[in-house]
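Chain identifiers are assigned alphabetically (A, B, ...) following the order of the sequence lines, protein sequences preceding nucleic acid strands; residue numbering begins at 1 within each chain. Side chains are part of it too, since the values below use all heavy atoms of this structure and drop only hydrogens, waters and symmetry mates.
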2 protein chains.
Amino acid sequence: MSDNSKPRPRPTDLSAAIASDIRDAIIAGRLIVDERLPSEAELAAQFEVSRPTVREALKRLAAQSLIRTQRGASGGAFVNRLSYEQAYGQQITTSTLLLSMNGVSFDTACEARFALERACAPLAAERRQPDHLAAMQAEITRQSATGLSDEAFCASDVAFHRALVDAAGNPVLSYQLAGAVEAMQPLMNMITYTRRSRDVIIGLHQRIVDALEQKSPEDCDSALVELHSYTRDLNQPTAR
Amino acid sequence: MSDNSKPRPRPTDLSAAIASDIRDAIIAGRLIVDERLPSEAELAAQFEVSRPTVREALKRLAAQSLIRTQRGASGGAFVNRLSYEQAYGQQITTSTLLLSMNGVSFDTACEARFALERACAPLAAERRQPDHLAAMQAEITRQSATGLSDEAFCASDVAFHRALVDAAGNPVLSYQLAGAVEAMQPLMNMITYTRRSRDVIIGLHQRIVDALEQKSPEDCDSALVELHSYTRDLNQPTAR
DNA sequence: GCTGATTTATTTGTCAGACATTTATCAAGC
DNA sequence: GCTTGATAAATGTCTGACAAATAAATCAGC
């Protein structure tokens, strides 16, 4: 009556197994936020392994921001409250690598991004605050500058779209979209932006801001749709 | 000896600094998929640290699925091709913890989930394949069973919605949505589902499947909107 | 010459013990 | 009362060693 019916292949890697144990305890709530784990020596005794092995396990968890460590007396490993900032970072790293390593096409990534972004637009139109509009307007100004490198233009584009997402006022949405928006940047960096194409994009950005200011989700949506197809065609000007 | 002027301001936590270095190299493409890293001993010499320190760094990267390791001659650490499966897993873990540790309200998470899901609906209506419809229909059947626990009902609900997302035929969307959908499960598990409420939900699910079958994005969207508001009210029956 | 078993070399996985560094706590001295 | 120093606890790091896995080289046998 053992649980060897579980499909989980018990890792022969002790540090991976220990990390998995502790991770499960955190996810299941048996270890709560800010709770202190036993010291490395105690964990070593508990799992009957050496301290370096325990440390490797803890580093794995630290890499996922599940724990944080503190040195000194009354230090140790603590269950970490995963902040939005940390979650953003991991989300962006994972998304970026997923796209680049699997040869995801520009079209696929672009479609996903604009689909998700359109989902935010109605909420953004309803809740946008002055600072969101100001942030977006500032990026438009930056994008209009002459002599801006393609890379800088892309970075500003990303910042614009992140501000748009943030305007929806839903931190969970912002978190989910962070990956989609940021991971697009490397792909968009491969495009050459002519003066005219920049002007078109900037014009659409302005339409988006205006639509949000007037709380018109329809105008915002149509601008996004146009921006999507324009961006797609930029990448494959001779397609079809 | 030019690099002794390398005052990188993170001398604490050498293993974190080394992991960061290697991670940057992978993201920047200086290390490509399936490329073998130097052995632990070589890395130790290269970074002028001990092998355990290098190992801790490598374990951090392994925790993010950035590398995989192999024992034996011609073994070592290899840059890992991040698979969608692995990315799903990390996304789900991070999202679940983010919601539970930050006390994200049901409404907020629910709003994000349905907003994102509505973004998938038009694509799903266009591209859904028979197996997607079959998978969704199978979950509806499961949900209709009597004596089903609330937890099992929720699990089936999640499976239904993931099938809906997959029907959009965009792996990047599926990846992004995996977190949003799965992370909702713990929150939805806290709801008690009466027979009547289950019937309402199942009815809406059926409407969604029918709409997809008929390739009607409008019907699908309206069903999703209704499902959203119904779910929200289930959680706070006396609100407003 | 070729096949198959054996040895060898390389590399990760694990262990033990030690020292360095950081930090909270507490006691001593002014 | 406040500062200051000693103390203890914990993580961070190092050294050296052995175990285990695995691919390549070697060698015996035909």
Side-chain angles (χ1 to χ4, degrees), chain A residues 8-23 25-26 31 33-81 86, chain B residues 4 6-23 25-26 31 33-81:
Chain A
R8 173 177 251 159
R10 58 184 164 177
T12 57
D13 208 328
L14 284 180
S15 72
I18 293 170
S20 200
D21 264 21
I22 299 176
R23 180 165 31 237
I26 294 175
L31 292 171
V33 167
D34 290 336
E35 185 173 341
R36 182 180 173 281
L37 299 178
S39 73
E40 294 175 354
E42 286 173 305
L43 286 172
Q46 202 171 308
F47 286 102
E48 296 181 335
V49 297
S50 66
R51 193 160 84 95
T53 301
V54 166
R55 282 182 61 80
E56 288 181 6
L58 293 180
K59 293 315 167 200
R60 295 178 118 109
L61 299 175
Q64 294 183 303
S65 301
L66 294 187
I67 62 171
R68 62 177 185 280
T69 55
Q70 233 174 355
R71 295 176 71 167
S74 79
F78 298 82
V79 178
N80 191 36
R81 154 162 281 131
Q86 291 166 334
Chain B
N4 73 349
K6 188 175 165 186
R8 178 163 285 189
R10 37 182 176 182
T12 50
D13 237 341
L14 285 178
S15 72
I18 293 170
S20 199
D21 265 19
I22 299 176
R23 180 166 30 237
I26 294 175
L31 293 171
V33 166
D34 290 336
E35 184 173 342
R36 183 180 174 282
L37 299 179
S39 73
E40 294 175 353
E42 285 173 305
L43 286 172
Q46 204 169 307
F47 286 103
E48 296 181 338
V49 298
S50 66
R51 194 160 82 94
T53 301
V54 166
R55 282 183 60 80
E56 288 180 7
L58 293 180
K59 293 315 164 200
R60 296 179 116 110
L61 299 176
Q64 295 184 300
S65 301
L66 294 188
I67 62 171
R68 62 177 187 280
T69 56
Q70 229 174 355
R71 293 174 72 167
S74 79
F78 299 82
V79 178
N80 192 37
R81 155 161 278 131

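Separating the CG atom in B/Leu43 from the CD atom in B/Glu40 is a distance of 8.0 Å, to the nearest 0.5 Å. Between atom CZ of residue A/Phe47 and atom CG of residue A/Asp21 there is a gap of 5.0 Å, rounded to the nearest 0.5 Å. To the nearest 0.5 angstrom, A/Leu58 atom CG is 10.0 Å from A/Arg51 atom CZ. Here the CD1-CG distance, from B/Ile26 to B/Leu37, works out to 6.5 Å after rounding to the nearest 0.5 Å. Separation of atoms CG (B/Asp13) and OG1 (B/Thr53) is listed at 9.5 Å; rounding is to 0.5 Å.
In this structure, the NZ atom of A/Lys59 is 18 Å from the C1' atom of C/dG13, given to the nearest Å. The distance from atom CG of A/Leu58 to atom P of D/dT13 is 14 Å, rounded to the nearest whole Å. Look at CD on B/Glu56: it is 15 Å from C1' on C/dT12, rounded to the nearest Å.
Within residues 48-55 of chain A, the residues having any heavy atom closer than 4.0 Å to DNA chain D are, in order of number, A/Arg51, A/Arg55. Listed by residue number, the members of residues 36-44 of chain A with any heavy atom below 4.0 angstrom from DNA chain C form an empty set.
Nearer the 5' end of DNA chain D, as judged by each residue's closest nucleotide, is the contact made by A/Ala77, out of B/Gln70 and A/Ala77.
Taken together, the paired segments of DNA chain D that extend over three or more consecutive Watson-Crick or G-U pairs, each closer than 3.5 Å at both contacts, are C:1-30 with D:1-30.
Among the candidates A/Leu61, A/Val79, A/Asp34, the single residue satisfying the side chain to side chain contact (heavy atoms under 4.5 Å, CB included) test with A/Arg68 is A/Asp34. Each of B/Lys59, B/Arg55, B/Arg60 was compared with B/Ser15 under the side-chain hydrogen bond (donor to acceptor under 3.5 Å, both in side chains) criterion, and only B/Arg60 meets it.
With sequence neighbours excluded, the residues that form a side-chain contact (heavy atoms from CB on, under 4.5 Å) with B/Glu42 are B/Pro38, B/Ser39. For B/Arg71, there are no side-chain contact (heavy atoms from CB on, under 4.5 Å) partners, not counting sequence neighbours.
Minimum interatomic distance between A/Ala77 and A/Ile67 (heavy atoms only, all atoms of both residues): CB-CD1, 4.2 Å.
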Atom pairs, protein N/O to nucleotides 20-22 of chain C N/O, distance under 3.5 Å:
residue: C/dT21; atom: O4'; partner: A/Arg71; partner atom: NH2; Å: 3.3
residue: C/dT21; atom: O2; partner: A/Arg71; partner atom: NH2; Å: 3.0
residue: C/dT22; atom: O2; partner: A/Gly72; partner atom: N; Å: 3.3

